[in-house]
A.B. asks: 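I am attaching a structure below and will ask some questions about it afterwards.
Reminder, nothing fancy here: chain letters follow the sequence lines and each chain counts from 1.
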There are 2 protein chains.
Amino acid sequence: MSLKYAVLAALLEGEASGYDLAKIFDVSVSNFWAATPQQLYRELDRLAAEGLIDARVVPQERRPNKRMFTLSEEGRADLAAFTAKQPKPMAMRDELMVKVQAADVGDLGAVREHVEERMTWAHGKLARYERVRRHLLGGLGEDEFLAEGERVGPYLTLLGGIALEEEYLRWGRRVLDVLERRAARAAGASDQASGPVS
Amino acid sequence: MSLKYAVLAALLEGEASGYDLAKIFDVSVSNFWAATPQQLYRELDRLAAEGLIDARVVPQERRPNKRMFTLSEEGRADLAAFTAKQPKPMAMRDELMVKVQAADVGDLGAVREHVEERMTWAHGKLARYERVRRHLLGGLGEDEFLAEGERVGPYLTLLGGIALEEEYLRWGRRVLDVLERRAARAAGASDQASGPVS
DNA sequence: ACTTACATGTAAGCGGTTACATGATTAT
DNA sequence: ATAATCATGTAACCGCTTACATGTAAGT
């Protein structure tokens with residue numbers, strides 16, 4: 001129900017095609033709103049039908065035509081009204097956490113690998129976030145930007161995303177440490193079962 | 001598709017009714033998997049039909065009968081196999097973040113209030129997590145528990161939840177600080193427009 | 001008197017996911 | 001050669017959310 005507003009908020013940054021939005025959602029919005037390209041295309045159709053965004057078709061010679069979308073005045077007003085309404089609580093779904101929760105009765109080694117992969121991913125995300133951050137700051141120092149910049153919203157949500165990934169990394173290191181000790185203990189226990197080495 | 005495994009993992013803790021699970025999901029699983037009671041009741045029906053959990057009806061005199069569920073051997077095996085499979089990436093949907101993202105063109109004061117409310121909520125959640133934590137540790141020190149405890153999974157996901165909420169609080173303080181300065185600046189700008197106070 | 005806890009259920013509708021389909025261009 | 005980028009779209013299905021429905025008992 002409010003992918004709608006995530007899209008309108010993304011269009012505050014300026015005109016974009018469905019494809020552009022898919023990328024934007026992938027690199028910077030994904031930290032608080034997940035959406036697939038298909039969802040975006042359908043949502044854009046609806047928003048255009050509602051008059052909250054304006055669409056224009058840009059013919060291209062060597063590529064498929066594209067539709068570029070801009071926020072309409074109605075869309076901007078609707079978005080502004082949305083900011084005043086009570087937000088729904090955050091909804092999260094993370095399979096990795098379910099696997100960690102069940103790690104003791106599952107495959108300890110596999111879970112450790114999953115955690116490692118997620119940490120690698122987090123590093124990549126942080127690198128991309130850092131680039132977005134520099135782009136947003138546009139050469140200004142953070143304090144200057146926060147005091148003088150036109151829009152701080154995207155910067156603040158980005159800070160949230162960065163903090164989240166960094167926290168994820170700290171947590172991941174802890175988990176790996178504990179699970180490794182578990183695996184060692186299990187190995188030790190089976191050594192004992194088959195007779196300790198004198 | 002894998003509320004399924006979140007439920008099976010929750011049943012590792014022991015027999016529970018749908019109602020019990022709703023509470024468990026509310027106080028400790030919610031940090032990585034959101035589910036409503038209705039979802040749980042339907043999922044439990046399915047899991048029982050699949051033979052992954054065993055159900056028994058407990059007649060009660062002064063209350064509605066309840067169905068108590070336990071993980072079956074098949075369920076335990078299925079869950080163990082699940083831990084070895086590649087996890088899907090985390091999916092998050094947070095309206096508050098969308099509102100912060102659009103704060104500059106929306107209602108600054110309302111957004112600040114939303115952030116404050118969410119911080120109050122986070123404090124409550126942390127207090128509950130702390131209680132769950134002490135319960136899990138069962139009097140042991142953390143290091144002891146991690147080395148000797150039977151199951152560390154639930155403790156590790158709890159640590160993740162705690163870290164997440166603490167991070168949320170730090171981020172929230174930052175956001176409030178910046179948005180307050182914005183509001184002050186806006187007030188200052190309108191002072192200037194209507195003539196500064198000498 | 002009112003609210004919270006206990007304990008489950010049906011049904012409609014919306015939103016999200018997955019599979020499939022097309023087809024040129026640019027980079028490795 | 002192969003993969004990735006650009007650029008959209010349809011259709012089917014599954015899962016999730018919301019509203020409604022029921023009824024007792026204990027606590028404030």
A.B. asks: Can you tell me whether the side chain of B:Q38 and the base of C:dG9 have a donor-acceptor pair closer than 3.5 Å?
C.D. replies: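 It does, because a donor-acceptor pair links the side chain of B:Q38 to the base of C:dG9 below 3.5 Å.
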A.B. asks: May I ask you to decide if B:G51's main-chain N or O and B:S72's side chain share a donor-acceptor pair within less than 3.5 Å?
C.D. replies: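 Here the side-chain-to-backbone pair exists.
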A.B. asks: Using a cut-off of less than 4.0 Å, is there contact between a side-chain N or O of A:Y41 and OP1 or OP2 of D:dG9?
C.D. replies: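 False: A:Y41 side-chain N/O out of range (4.0 Å or more) of D:dG9 OP1/OP2.
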A.B. asks: At their closest point, which heavy atom of B:A9 faces which heavy atom of A:V98, and how far apart are they?
C.D. replies: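 Minimum heavy-atom separation between B:A9 and A:V98: CB-CG1, 4.3 Å.
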A.B. asks: Using atom CE of A:M68 as one end and atom C1' of D:dC6 as the other, report the distance to the nearest whole Å.
C.D. replies: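 Rounded to the whole Å, the gap is 13 Å.
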A.B. asks: Could you state the CH2-P distance from A:W33 to C:dG16, rounded to the nearest angstrom?
C.D. replies: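 Rounded to whole Å, this separation is 7 Å.
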A.B. asks: C:dG9 phosphate, OP1 or OP2: any side-chain N/O from B:R67 under 4.0 angstrom?
C.D. replies: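 Checking B:R67 against C:dG9: at least one side-chain N or O falls below 4.0 Å of OP1 or OP2.
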A.B. asks: Quick check on C:dG16: is either OP1 or OP2 less than 4.0 Å from any side-chain nitrogen or oxygen of B:R93?
C.D. replies: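 Looking at the OP1 and OP2 atoms of C:dG16, one of them is under 4.0 Å from a side-chain N or O of B:R93.
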A.B. asks: With DNA chain C as reference, determine whether B:A91 or B:N65 sits nearer its 5' end, using the nearest nucleotide of each.
C.D. replies: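 Checking each residue's closest nucleotide, the 5'-ward one belongs to B:N65.
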A.B. asks: Base, sugar-phosphate, or nothing for B:Q60, non-hydrogen atoms under 4.0 angstrom?
C.D. replies: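 Sugar-phosphate contact only - B:Q60 comes under 4.0 Å of backbone atoms but never of a base.
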A.B. asks: Over how many whole Å does the gap from B:E43 atom CD to C:dT8 atom C1' extend?
C.D. replies: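 One finds 17 Å between C1' of C:dT8 and CD of B:E43, rounded.
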A.B. asks: Using whole Å, what does the distance between atom P of nucleotide C:dA7 and atom CZ of B:R56 come to?
C.D. replies: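 Rounding to the nearest Å, CZ of B:R56 and P of C:dA7 are 13 Å apart.
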A.B. asks: State, yes or no, whether a side-chain contact exists between A:H123 and A:L169 at a heavy-atom distance under 4.5 Å.
C.D. replies: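 Touching, per the 4.5 Å side-chain cut-off.
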A.B. asks: For A:F82, give me all partners under ring pair (Phe, Tyr, Trp, His ring centres under 6.0 Å), at least two apart in sequence or on another chain.
C.D. replies: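 Here the qualifying residues are A:Y5.
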A.B. asks: Of the residues in residues 16-26 of chain A, which ones touch DNA chain D at a heavy-atom distance under 4.0 Å?
C.D. replies: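 Here the set is A:S17, A:G18, A:Y19, A:K23.
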A.B. asks: Decide yes or no, distance alone: a donor-acceptor N/O pair under 3.5 angstrom between the base of D:dG15 and the side-chain of B:R42.
C.D. replies: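 Not at all, since no donor on one side and acceptor on the other fall under 3.5 Å apart.
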A.B. asks: Rounded to the nearest 0.5 Å, how far does CZ of A:R93 lie from CZ of B:R93?
C.D. replies: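 One gets 7.5 Å once the value is rounded to the nearest 0.5 Å.
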A.B. asks: Provide, to the nearest angstrom, the distance between the CG atom belonging to A:L3 and the C1' atom belonging to D:dT17.
C.D. replies: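 In whole Å, D:dT17 C1' and A:L3 CG are 16 Å from each other.
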A.B. asks: Nearest whole Å is fine: how far is D:dT18 P from B:L40 CG?
C.D. replies: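 Going from CG in B:L40 over to P in D:dT18 covers 15 Å.
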A.B. asks: Are any of B:K4's side-chain N or O atoms less than 4.0 Å away from OP1 or OP2 of D:dC14?
C.D. replies: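 Checking D:dC14 against B:K4, no side-chain N or O comes under 4.0 Å of OP1 or OP2.
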A.B. asks: Could you state the NZ-P distance from A:K66 to C:dA24, rounded to the nearest angstrom?
C.D. replies: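 Distance check: A:K66 NZ to C:dA24 P gives 19 Å.
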A.B. asks: Kindly say if B:Q39 contacts the phosphate of D:dT17, meaning a side-chain N or O under 4.0 Å from OP1 or OP2.
C.D. replies: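 For D:dT17, OP1/OP2 do have a side-chain N/O of B:Q39 under 4.0 Å.
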A.B. asks: Which whole-number value in Å describes the distance from A:L44 CG to C:dG16 P?
C.D. replies: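 To the nearest whole Å, that distance equals 13 Å.
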A.B. asks: Using 4.0 Å as the upper bound for N to carboxylate O, is an ion pair formed by A:R170 and B:E166?
C.D. replies: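 No, this pair does not count.
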A.B. asks: How long is the gap from CZ on B:R42 to CG on B:L3, to the nearest 0.5 Å?
C.D. replies: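 Between atom CZ of B:R42 and atom CG of B:L3 there are 9.0 Å.
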